[in-house]
Number of protein chains: 4
Amino acid sequence: MVTPAAAEPTESKPLRADARRNRARVLEAAESVFAAKGTGAPTEEVARAAGVGIGTVFRHFPTKEALLEAVLIARLHRFADEAEAVVAADSADPGAAFFTFLAGWIEMSSAKNAYFEALTAAGVTVPKEKSGIGGRLLGALGVLLSRAQAAGAVREDLVTGELITIIIGVAKAAEYAGPDARLRDRAVTILFDGLRPSAGERR
Amino acid sequence: MVTPAAAEPTESKPLRADARRNRARVLEAAESVFAAKGTGAPTEEVARAAGVGIGTVFRHFPTKEALLEAVLIARLHRFADEAEAVVAADSADPGAAFFTFLAGWIEMSSAKNAYFEALTAAGVTVPKEKSGIGGRLLGALGVLLSRAQAAGAVREDLVTGELITIIIGVAKAAEYAGPDARLRDRAVTILFDGLRPSAGERR
Amino acid sequence: MVTPAAAEPTESKPLRADARRNRARVLEAAESVFAAKGTGAPTEEVARAAGVGIGTVFRHFPTKEALLEAVLIARLHRFADEAEAVVAADSADPGAAFFTFLAGWIEMSSAKNAYFEALTAAGVTVPKEKSGIGGRLLGALGVLLSRAQAAGAVREDLVTGELITIIIGVAKAAEYAGPDARLRDRAVTILFDGLRPSAGERR
Amino acid sequence: MVTPAAAEPTESKPLRADARRNRARVLEAAESVFAAKGTGAPTEEVARAAGVGIGTVFRHFPTKEALLEAVLIARLHRFADEAEAVVAADSADPGAAFFTFLAGWIEMSSAKNAYFEALTAAGVTVPKEKSGIGGRLLGALGVLLSRAQAAGAVREDLVTGELITIIIGVAKAAEYAGPDARLRDRAVTILFDGLRPSAGERR
DNA sequence: AATGAATGAGGCTTCATTCAT
DNA sequence: GATGAATGAAGCCTCATTCAT
């Protein structure tokens, strides 16, 4: 299962070709602008980056908050896409697959993850269930996790619901380490070590 | 060693008594306002909470950024204070002392730590060295860490410099877990398990 | 004489059937939307109410102002239609006919008459003469008025030109009274009493 | 009893001298700007006319609606002031006093009375009671009215509550007559004739 | 030193109008 | 002819910062 291009709203009638193209461009521009300058960046800058008028941005996303939310959802969809791809690949080494996937995702998101805060700060209940993204994500992560546990690569008492919280923490540490790659890798490694089987056996 | 009240600038001439009191009140108010409403809260609200005029806030902190920075530094100083207190207590169980201290800190900061982001987003290089706070912090944490390592409670390959990064990540995870105490505790436990000795021994 | 459907422009070539239908639907929708939400309502809402695209609205009325004007003219045409119908009915009690007609009109327009203001505010000289509506209106009102005067039901010194001004004032008072029917009726009654013969005889 | 300068809010502590001056200037500017260009005129134009920054306007009136309301209330206060002055003058000819007062007020407001509409259109319940203006107004009008009735100059069945509605209607008619002074006077005269004693005696 | 009024740049959002499909 | 996406000027409002009191 693959995310429809640019995670467009599922309910309404299909957008005109040019409209869909613009919507996608805005979403893309928003992602990079917000990543670079923080979620406080003016909407107009997103418009400029997308090469459209400010009105077009607001036509597609009637509120700045809606835009932020859409970016977040798109990102989660890509996360789910990748997770499902790894599931489908069905690696011979599920432990490696699991950790590689997590590390890859963290690498990718480390420099640009203020979305959760921006949204929660705005009082938005992060729409985990919106567009079914929550289910997909938990589903795919659950498969990866249980395979890795079955292979003895991950502690048994870890459940899927805890994973996202943990990933966010690790991503945050990585982001804080910033450009210092060695520090970042060490922090990620150490934190992930908490997921391994022997961990937590004694205390 | 104990932090001078309200972390006032070390170089300038001593403030008049009322001025020092106002400075402290503003700092306190800023901490709680920013904690409650995020760092985007208007400076005027801080003034109101402190019971002073807006002009007074800007007299003490010529910029909003300066205010944010001062709050952050004050917080780090308290962090250092606590760490030094734990060092001074010289517990018989250094491992427990170490983890208890970390957990306490996380608990405290989990609900209110947008400072790092707000500052880094603003392009401020977090002033680790400013007012010597970095040194104190690393010093105290270093002692706690090496005692815990000597007692076999923490993995040997962990160095002080990595600790702050890790703490930030764990705090973030805790914050994201939000009001769900069980989830928060689990995430913190799991992530801290990565600091334990057996962790990382095999891979 | 009866108003041609939807008061379409008299000069231009006859519209295609569907176009004429659309024009009428837009005009109707505009009337009810502007009545309900005021003349500041977005043109797009008119389009939605008419079940056509926004482009269609602007094709028929190149300007919002033109749309407003068309609505006003249509309304005046209906006013004239009714007046002419009353003239044609040639009631045995011309005084009653006159006042009944006025009251009916006031009743109808009381809740929805921002057109004059919207237009005059926009600097439009209300196009009394446009499409000959002024003539029809004054003609019909003149007949009703003089019959009522001949019957001794209306003061002799009242001339047609004053009537519209007076009607607007009374309608305004009625509108201001709003939902309070008793108050509205009293105000209308009192103001209309000024039109009766004994009024103004002494001063 | 005379309105405090510029109808400043009664509750809060007295404003600083300069602030009060600015508040009054803004109110004055708002009145003339809205009168000239309608209540849709941009707030910035009011600021310009008052010779202050846009921020100052919003400091005193946190919303455009609040500004409109303040203008309306100021105007009503002046209405009440004048009415009370006429009451105090205690003319020997109460009928003339009554009609002269009404005519004067209408003359004054005829060219600039979109406030009621602007406010009611915005869904504002016209704050008749706010700042006690309703009471003052009705009180003074009531005295003028009953004196005129006692003198036999005004019909007996007219009650104070109806008067404001009627005045609004007459003012509206006068406004519509616009620059044509003869037409305006005639309309006002005719409508006011409805208030005289013989009117309504027969029907 | 403290106060709080004034300032105005800048952000979000709306909506009349144009134009490619 | 109809459609609705795109446009951008313009409006309302916020808030960091300055300055007269």
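These numbers come from the heavy atoms of this one structure, side chains and all, not from hydrogens, waters or symmetry mates. Throughout, protein chains are lettered first and strands after them, A, B, ... in sequence-line order, and every chain is numbered starting at 1.
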Exercise for the section: Using the closest heavy atom to pick a nucleotide of DNA chain E for each, name whichever of B/G55 or A/I54 lands nearer the 5' end. Expected result: B/G55

Problem - Earlier contact from the 5' end, DNA chain F, for A/D18 and D/D18 - result: A/D18

Completion exercise
When every non-hydrogen atom of D/N22 is compared with those of D/H60, the smallest separation belongs to CB-NE2, 4.2 Å

Handout entry: Atom-pair distance (CZ on D/R59; C1' on F/dA16), nearest Å
Key = 13 Å

Problem - Shortest non-hydrogen contact from B/K64 toward B/T39 - result: NZ-O, 3.0 Å

Problem - Stems formed with participation of DNA chain E [Watson-Crick or G-U wobble, under 3.5 Å, three or more pairs] - result: E:2-21 with F:2-21

Practice task
Starting at atom CZ of C/F61, determine the distance to atom P of F/dA2, rounded to an integer number of angstrom.
Solution key: 12 Å

Exercise for the section: Could you state the atom-to-atom distance from NZ of A/K37 to P of E/dG10 in whole Å? Expected result: 13 Å

Handout entry: A/F61: side-chain contact (heavy atoms from CB on, under 4.5 Å) partners, not counting sequence neighbours
Key = A/R23, A/V26, A/L27, A/A66, A/L67, A/A70

Handout entry: Contact list for DNA chain F against residues 40-49 of chain D - heavy-atom distance below 4.0 Å
Key = D/P42, D/T43

Completion exercise
Scanning both residues in full, the closest heavy-atom pair of A/A29 with A/V46 reads CB-O, 3.7 Å

Handout entry: Presence of B/H60 side-chain N/O under 4.0 Å of E/dA1 phosphate oxygens OP1/OP2
Key = no

Fill in the blank from the handout: Correct closest heavy-atom pair for B/V71 and B/A30 would be CG2-CB, 3.7 Å

Practice task
Sort and list the pairs that fulfil side chain to side chain donor-acceptor pair (under 3.5 Å) and have at least one residue in residues 45-55 of chain C, not counting sequence neighbours.
Solution key: C/K37-C/E45

Practice task
Give the minimum heavy-atom separation between D/L68 and D/F34, together with the two atoms involved.
Solution key: CD1-CE1, 3.2 Å

Practice task
Between D/V57 and B/G51, just flag the one whose closest nucleotide in DNA chain E comes earlier from the 5' side.
Solution key: B/G51

Practice task
Report yes if a side-chain nitrogen or oxygen of D/T56 is closer than 4.0 Å to either non-bridging phosphate oxygen (OP1 or OP2) of E/dA5; otherwise report no.
Solution key: no

Fill in the blank from the handout: Separation of F/dT7 atom P from C/F58 atom CZ, nearest Å, is 18 Å

Handout entry: side chain to side chain donor-acceptor pair (under 3.5 Å) pairs, two or more places apart, involving residues 49-58 of chain D
Key = none

Handout entry: Shortest non-hydrogen contact between D/A41 and D/V33, atoms and distance
Key = CB-CG1, 3.8 Å

Exercise for the section: Round to a whole Å and report the spacing from CZ of D/R23 to C1' of E/dA6. Expected result: 16 Å

Practice task
Rounded off to whole Å, could you give me the CG-to-C1' distance for the D/N22 and E/dG4 pair?
Solution key: 13 Å

Problem - Distance in angstrom units between B/E65 CD and F/dA16 P, rounded - result: 12 Å

Fill in the blank from the handout: In whole angstroms, the gap separating C1' of E/dG11 from NZ of A/K64 amounts to 8 Å

